There are 2 protein chains.
Amino acid sequence: MLSFAEENYLKTIYHLSQETDSAVTTNAIADSLNTKAASVTDMIKKLSKKGVLSYQKYKGVQVSKTGEIAALQVIRKHRLWETFLVDKLKFNWDQVHEVAEQLEHINSDLLIQRLDEFLAYPKYDPHGDPIPDENGLFKSKPRVALDQCLDGQSGIIVAVKDSNSAFLKYLDKIGLYLGAKIKIIDKVEFDGSLEIQIDNKKSTFISKEVSENIWITE
Amino acid sequence: MLSFAEENYLKTIYHLSQETDSAVTTNAIADSLNTKAASVTDMIKKLSKKGVLSYQKYKGVQVSKTGEIAALQVIRKHRLWETFLVDKLKFNWDQVHEVAEQLEHINSDLLIQRLDEFLAYPKYDPHGDPIPDENGLFKSKPRVALDQCLDGQSGIIVAVKDSNSAFLKYLDKIGLYLGAKIKIIDKVEFDGSLEIQIDNKKSTFISKEVSENIWITE
DNA sequence: AAATATTTTTAGGTTAATCTAAATGTATTA
DNA sequence: TAATACATTTAGATTAACCTAAAAATATTT
């Protein structure tokens, strides 16, 4: 059984491990969790003793198979709760993250099973991220980040990378949402910004940074 | 802001204070929370410093006005979550307590407001206990414990005192539920047990201990 | 490859919440 | 009311999760 803090570390390390092919570094973990490297060293020792991480001094950590299973259960809970908050309690997609960070640590198999059923076994959360099933299995939609696309290309928004509130509010403001049709009108060479058309309406401009955080179907 | 542990102490002390007219003792708190008197002394010092309890060494504690408001918010959350689990997730009334003990500490005003709305502002939880509103106000139904009733008296079950799983399962088994019609056929002088009739069906016997834990309308 | 910079670990300390055992206060009873 | 019993508090440890500062390992530059 993992504690609240241990679950948070494991989940974060799992996410970081998905973004790199090498081991996850102590500093990367500390940055993600807004904590200090010394605290991370303590915790990764504990988690490797528990068998969810493999760790060699000064070489970073990797998530073990049992660690992955445990991490995916936390992620499953997080994404089910986010779906509940949006679908049933009418939260906006920018309001769910903080609350789901708390709810994901509630411990009850029956609760999660029933919640999943109540939500009709959703496959994706409000940000387009896949929801692992009770065995940790999930399927991602094939997708490309908008900054990788070419002039004239179009597609449907299937996910956003960053779920921070300010970013999501900005997307709402310019009329972007999951399922929106998007077409690249022009790509500005100078700064990588894009002129895009949403749902065949009048075009807008988005920065390269924003375009890196939006995924569309290929 | 109170911690998880502090909220648990405060809620428990509030409940104990409702059952007595004098101050709540250190040992009573320790028993309720399955902890030791020494731990309780430490915690009540902290809580009185925070202004939610008033405390005099060796004289027990009383819940202050601000303490009562805080306690009622925790109780409100507990009872709303229990209602959610039963009404929406089809939990049995004997399965909700443990999970609600965790959920009651989730911190989000918006969540509770929306949950209340989603449940259509319920006034009573699955055990018949009143749910305080956002200001801590609630109304109890007038009620008598079954062991206080006389031969021939009848009424509707409006609440149960104890929400422990074994007790509630037993009630299910003998056909008792909130809203059931109950009639006292005979009161056995010797041990205080009762012969009762449920919903005009064939009669059963219940012990005095059980009858003390069932409340009916007068 | 030596010097320098960066990352990671270790050593030692802090805080919250718990504990046991001993000391002290309060209550009961002979 | 003195003796005994019981309740409560204090003293001092323990554990988990964090911290700072210093030491050690690794990486990068010149």
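Chain letters run A, B, ... following the sequence lines, proteins first and then strands; every chain starts at 1. All figures in this text were calculated on a predicted structure; none of them were measured in a lab.
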Which atom pairs link the protein and nucleotides 21-29 of chain D when you take only N or O atoms and keep those under 3.5 Å?
| unit_1 | atom_1 | unit_2 | atom_2 | d |
| --- | --- | --- | --- | --- |
| D/dA25 | O4' | A/Y58 | OH | 3.4 |

For residues 52-61 of chain B, run the donor-acceptor check on the side chains, cut-off 3.5 Å, and write out each pair with its distance to 0.1 Å, sequence neighbours left out.
none

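Rounded to whole Å, atom P of D/dA11 lies 8 Å from atom NZ of B/K45. For A/M43 and D/dC18, the CE to C1' distance is 9 Å, given to the nearest whole Å. Look at CG on B/D42: it is 13 Å from C1' on C/dT15, rounded to the nearest Å. Summarising the geometry, the separation between CD on B/Q56 and C1' on D/dT9 is reported as 15 Å, rounded to the nearest angstrom. Taking atom CD1 of residue B/I44 and atom P of nucleotide D/dA7, one finds them 15 Å apart after rounding to whole Å. One interatomic measurement links the two molecules: CG of B/N34 to C1' of C/dC19, which rounds to 15 Å at whole-angstrom precision.
For the residue pair A/N27 and A/T25, no side-chain donor N or O sits within less than 3.5 Å of a side-chain acceptor on the partner.
Heavy atoms of A/F4 sit nowhere under 4.0 angstrom from any nucleic acid atom.
The list of side chain to side chain donor-acceptor pair (under 3.5 Å) pairs with a residue in residues 122-140 of chain B, not counting sequence neighbours, reads B/E82-B/H127. The ring pair (Phe, Tyr, Trp, His ring centres under 6.0 Å) pairs that include a residue from residues 84-113 of chain A are A/F4-A/H105, A/H78-A/H97, A/W81-A/F84, A/F84-B/F84, where partners are two or more places apart or lie in different chains. For the salt bridge (Lys or Arg N to Asp or Glu O under 4.0 Å) condition, the pairs that include at least one residue of residues 7-33 of chain A, sequence neighbours left out, are A/K11-A/E101, A/K11-A/E104.
Across the interface with DNA chain D, nearest-nucleotide mapping of A/A37 and B/G60 shows B/G60 to be the residue nearer the 5′ end.
Between A/D151 and A/K187, none of the side-chain N atoms (NZ, or NE/NH1/NH2) sits under 4.0 Å from a carboxylate O, so this pair counts as no salt bridge.
Side-chain N/O atoms of B/T41 include one lying less than 4.0 angstrom from OP1 or OP2 on D/dT9. Contact annotation: B/K36 does not reach the phosphate of C/dA21 (side-chain N/O to OP1 or OP2, under 4.0 Å). Applying the 4.0 Å criterion to OP1 and OP2 of D/dC19, one finds that A/T35 has a side-chain N or O inside that range.
The salt bridge (Lys or Arg N to Asp or Glu O under 4.0 Å) search around B/E117 returns none, not counting sequence neighbours. For B/R76, the salt bridge (Lys or Arg N to Asp or Glu O under 4.0 Å) partners are B/D116, not counting sequence neighbours. Legend: residues meeting salt bridge (Lys or Arg N to Asp or Glu O under 4.0 Å) with A/K173, ordered by chain and number and at least two apart, are absent.
Remark: A/T25, A/T26, A/N27 in residues 5-30 of chain A come within less than 4.0 Å of DNA chain C through at least one heavy atom.
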